[in-house]
Amino acid sequence: MENKKVRVRFAPSPTGGLHLGGVRTVLFNYLFAKQHKGSFIVRIEDTDQTRFVEGAEQYIFDCLQWCGLVPEESPVNGGPFAPYRQSERKEIYKQYALKLVEKGHAYYAFDTPAELEEKRKAIPNFQYNHQTRRQCTNSLTLSPEAVLEKLSNNTPYVIRIKMPEHETVTCHDMIRGTVEFNTSLCDDKVLLKADGMPTYHLAVVVDDYLMQITHAFRGEEWLPSAPVHILLWNYLFGLNKMPQWAHLPLILKPDGNGKLSKRDGERLGFPVFAMDWTDPATGNTTTGFKERGFLPEAFVNMLAMLGWNDGSGQEIFSLQELIEKFSIERIHKGGAKFDYEKAKWFNHSWLQKLPVQQYADKVKPYFENASINITNDAYLYKVMELVKERCQVLPDFVAQSSFFFQHPEQIDTASIAGKWNAAKQQFFAELIRTLELATIWDAENLEKDFKEMAAAHQLKPGELMLPFRIMLVGGKFGPHVFDIAATIGREATIHRIKHTLQLMQA
RNA sequence: GGAGCGUUGGUCAAGGGGUUAAGACGCAUCCCUUUCACGGAUGAAUCACGGGUUCGAUUCCCGUACGCUCUACCA
């Protein structure tokens, strides 16, 4: 086991948007694989035909691509253990189910869904288990002849695991240590459905075996069914071949408790999916981190810190650093509440850390949306550099810098009207002439001229700065006002002064 | 109801028998900045509760409470 090549897998069910928690599971898989020079595999668990959603699979790969967590083997790029889509592996599973029946670890069950529904209604807390299976219609209660007859006339059936009585199944979890289960308390899970498809329980162990998975990461919600999987491993392939389990803590909603859901995001106004997801049935789009203006670096970083840290207090990690420093021992046992404010802080940090050229293309669409045409990349970089520390997410660049590209739509004259007077009016009128004659157009000289003029007019620069800012920006925000003037240029600066001057006279 | 898992500030969390119980986010106040932001400073936790063990428990043990997950021919 130790010298086997590490192989891990992410096994999503393509039923809709890719949840935060799913991406974190991918991330931990990926980090572990890369750290051990192993392989990261994506296997599509589409055994429930009733839950097929058009486009959901492609969407998952788009998300992984965006995050930079690309698998070595998957349905899209193939691999030595293809196919990687369980629906295309349907024939494989049945033989294993049959093998279990032969060995007495599983049995045919002919109870219809309606009959089971009735039992559940009639008997409180009904479970199909070692006690109740005697009252059900299955190959344990029917004579061999009757079973054969039902089988030969195509009576629908499922195959269930026959949970042993009074056995202890031990799960050695890499995060939680030893967890024990009493098999008498487990029920006889369906392994093979009436449509011939396996359930998750069968498929996961068969495929993990066939694909030679060495370490299996999954959400904590799977822990209660671990005994089923471990038993299956024991019956089918031997415990020595079983991957090592790691059940990851859940990501919880920010208010109250419980798993974070898509609904919580909608309710509280933040994304839960990695990327925008449009439900083909309803046409409704659920917003994603990407479209909200998150950098994948920040998104991945934030996810890694939800349930893991390296103990040093460092919080900003590149993917490469995460690969180097990741360790299962330092994964938390308890769930973590998702904090959108902190998520934005991560993004802000990455916006400062990365060169603006590296993500300028990602902010362009937001300018386009606001009908601002970016024609000069160098100018865009300069502006981004000036405003980036005020931006948490990509769309903030538009709000923080639109005035660099077009005249402000609104001038907040109310903020200066109270202290406006003839002296100021005259100062700015004269400033226009000074600016027209300025030989060197940079922030330093602009500021010098401005202050000299203020002194000549016996006005305090402080009284003039805010009006000047309002003229250029339209509001009380933005970088240093002389940087703005220097950047937008002589013509625009003068034009904006004139414009506000007119407004103030009116 | 049953089983399993979990529980350090509002949130993420470090620490793990003796500490002034780190740090980050957020919040509040202040400084810097003639805007906003950045940066800096300061403030806020009897480590869920109750028993043990111990000279000493937030740290070890046992209970209790609370929360969560699962309990489908869904994953």
Side-chain angles (χ1 to χ4, degrees), chain A residues 11-15 45-48 50-51 86 109 111-113 116-117 120 124-129 156-160 171 173 175-176 179-182 184-187 189-201 203-204 218-227 247 249-250 252-259 302 305-316 330 332-346 348-349 352 387-392 396 400 412 415 451 460-466 468-470 473 475-481 484:
Chain A
S13 175
T15 51
E45 309 232 339
D46 54 351
T47 54
D48 186 352
T50 65
R51 295 216 299 165
Q86 290 184 330
D111 318 84
T112 65
L116 292 174
E117 189 52 43
R120 272 189 269 270
N125 303 319
F126 172 82
Q127 285 209 136
Y128 209 118
N129 60 21
Y157 66 89
V158 300
I159 292 180
R160 288 180 181 271
C171 177
D173 187 275
I175 295 171
R176 282 150 225 285
V179 183
E180 292 188 335
F181 301 88
N182 178 350
S184 296
L185 273 7
C186 301
D187 57 344
K189 290 275 180 247
V190 170
L191 265 19
L192 198 74
K193 300 186 263 189
D195 64 2
M197 280 287 196
T199 59
Y200 172 83
H201 306 297
V204 73
R218 68 198 339 185
E220 190 190 343
E221 68 267 28
W222 288 108
L223 198 46
S225 57
H247 290 91
L250 266 16
L252 278 13
K253 59 184 73 187
D255 56 341
N257 299 296
K259 267 204 290 195
M302 177 271 292
M305 301 311 289
L306 229 40
W308 178 86
N309 70 81
D310 77 341
S312 72
Q314 182 181 347
E315 293 192 275
I316 301 299
R330 294 199 62 90
H332 265 251
K333 292 180 176 68
K337 290 186 183 181
F338 175 68
D339 181 355
Y340 189 53
E341 293 305 317
K342 185 90 186 215
K344 284 191 289 191
W345 175 83
F346 275 105
H348 178 266
S349 300
Q352 314 314 308
V387 304
K388 67 177 182 183
E389 66 191 21
R390 285 147 244 263
C391 298
Q392 291 196 296
D396 291 344
Q400 289 294 333
D412 178 17
S415 291
K451 287 189 172 167
K460 287 182 192 160
E463 298 177 72
L464 272 4
M465 298 283 253
L466 185 63
F468 194 27
R469 168 175 300 280
I470 297 291
V473 174
K476 289 195 270 189
F477 64 97
H480 291 289
V481 69
I484 297 170

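The sequence lines fix the lettering, A, B, ..., with proteins before strands; numbering per chain opens at 1. Keep in mind the model is a prediction, meaning the values are calculated, not measured.
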Q: Look at all strands and tell whether A:Asn125 reaches a base, only sugar-phosphate, or nothing, counting heavy atoms closer than 4.0 Å.
A: base

Q: Kindly give the atom pairs (protein nitrogen or oxygen, nucleotide nitrogen or oxygen) under 3.5 Å for nucleotides 27-34 of chain B.
A:
{"residue": "B:rU34", "atom": "N3", "partner": "A:Gly462", "partner atom": "N", "Å": "2.8"}
{"residue": "B:rU34", "atom": "O4", "partner": "A:Gly462", "partner atom": "N", "Å": "3.2"}

Q: Report the distance from atom CG of A:Leu250 to atom P of B:rU7, rounded to the nearest whole Å.
A: 13 Å

Q: Could you tell me whether A:Arg330 contacts a base, only the sugar-phosphate backbone, or nothing, with contacts defined as non-hydrogen atoms closer than 4.0 Å?
A: sugar-phosphate

Q: Applying side chain to side chain contact (heavy atoms under 4.5 Å, CB included), run through A:Asp48 and A:Lys193 and close with a yes or a no.
A: CA-CA 10 Å; A:Asp48 186 352; A:Lys193 300 186 263 189; 4.1 Å; yes

Q: B:rA24 pairs with which nucleotide, Watson-Crick or G-U wobble, both distances below 3.5 Å?
A: B:rU11

Q: Where do N or O atoms of nucleotides 73-75 of chain B meet protein N or O atoms at under 3.5 Å, pair by pair?
A:
{"residue": "B:rC73", "atom": "OP2", "partner": "A:Arg160", "partner atom": "NH2", "Å": "3.2"}
{"residue": "B:rC73", "atom": "O2", "partner": "A:Ala194", "partner atom": "N", "Å": "2.7"}
{"residue": "B:rC73", "atom": "N4", "partner": "A:Asp111", "partner atom": "O", "Å": "2.9"}
{"residue": "B:rC74", "atom": "OP2", "partner": "A:Lys193", "partner atom": "NZ", "Å": "2.9"}
{"residue": "B:rC74", "atom": "O2'", "partner": "A:Asp48", "partner atom": "OD2", "Å": "3.3"}
{"residue": "B:rC74", "atom": "O2'", "partner": "A:Arg51", "partner atom": "NE", "Å": "3.2"}
{"residue": "B:rC74", "atom": "O2'", "partner": "A:Arg51", "partner atom": "NH2", "Å": "3.1"}
{"residue": "B:rA75", "atom": "OP1", "partner": "A:Thr47", "partner atom": "OG1", "Å": "2.7"}
{"residue": "B:rA75", "atom": "OP1", "partner": "A:Lys193", "partner atom": "NZ", "Å": "2.9"}
{"residue": "B:rA75", "atom": "OP2", "partner": "A:Tyr200", "partner atom": "N", "Å": "3.3"}
{"residue": "B:rA75", "atom": "O3'", "partner": "A:Glu45", "partner atom": "OE1", "Å": "3.4"}

Q: What does B:rC74 pair with, Watson-Crick or G-U, if both distances are under 3.5 Å?
A: none

Q: Please answer whether the main-chain N or O of A:Ile316 pairs with a side-chain N or O of A:Gln314 as donor and acceptor at a distance below 3.5 Å.
A: yes

Q: In whole angstrom, give me the gap between the P atoms of B:rA14 and B:rA22.
A: 14 Å

Q: Can you tell me if A:Asp187 uses its side chain to pair, donor with acceptor, with the backbone of A:Lys189 under 3.5 Å?
A: no

Q: For the pair made of CZ in A:Arg469 and P in B:rU35, what is the distance, rounded to whole Å?
A: 8 Å

Q: If you look at every strand shown and take non-hydrogen atoms under 4.0 Å, does A:Gly478 touch a base, only sugar-phosphate, or nothing?
A: base

Q: What is the ring orientation for A:Tyr128 with A:Phe126, classed by angle as parallel under 30°, tilted 30 to 60°, or perpendicular over 60°?
A: perpendicular

Q: So A:Gln314, base contact, sugar-phosphate only, or nothing? Heavy-atom distance under 4.0 Å.
A: nothing

Q: Under 4.0 Å, heavy atoms only, any strand: does A:Pro479 hit a base, just the sugar-phosphate, or nothing?
A: base

Q: Just the rounded figure in Å: distance from C1' of B:rG23 to CE of A:Met305.
A: 11 Å

Q: Closer than 4.0 Å, any side-chain N/O of A:Asn182 to the OP1 or OP2 of B:rA3?
A: no

Q: Roughly, in whole Å, what's the span from NZ in A:Lys189 to P in B:rA72?
A: 5 Å

Q: How about A:Phe477 and A:Arg390: do any of their side-chain heavy atoms sit closer than 4.5 Å?
A: no

Q: When the P atoms of B:rC68 and B:rC62 are considered, how many whole Å apart are they?
A: 25 Å

Q: Both distances under 3.5 Å, Watson-Crick or G-U wobble: report the partner of B:rC66, or none.
A: B:rG6

Q: Return the nearest nucleotide to the side chain of A:Asn309; candidates are B:rC38, B:rA14, B:rA24.
A: B:rA14

Q: Looking at A:Lys259, does any N or O in its side chain come under 4.0 Å of the phosphate oxygens OP1/OP2 on B:rC70?
A: yes

Q: Rounded to the Å, how far apart are A:Glu220 CD and B:rG6 P?
A: 7 Å

Q: Between B:rC5 atom P and A:Arg176 atom CZ, what is the distance in whole Å?
A: 9 Å

Q: For the side chain of A:Glu389, starting at C-beta, report the closest nucleotide among B:rC38, B:rU11, B:rU69.
A: B:rC38

Q: Using atom CZ of A:Phe181 as one end and atom C1' of B:rG2 as the other, report the distance to the nearest whole Å.
A: 14 Å

Q: Could you tell me whether A:Gly307 contacts a base, only the sugar-phosphate backbone, or nothing, with contacts defined as non-hydrogen atoms closer than 4.0 Å?
A: sugar-phosphate

Q: From the options B:rA24, B:rU35, B:rG4, select the nucleotide whose nearest atom is closest to the side chain of A:Leu223.
A: B:rG4

Q: CD1 of A:Ile484 versus C1' of B:rA37: gap in Å, rounded?
A: 12 Å

Q: Does a side-chain N or O of A:His332 approach OP1 or OP2 of B:rA14 to a distance below 4.0 Å, or not?
A: yes

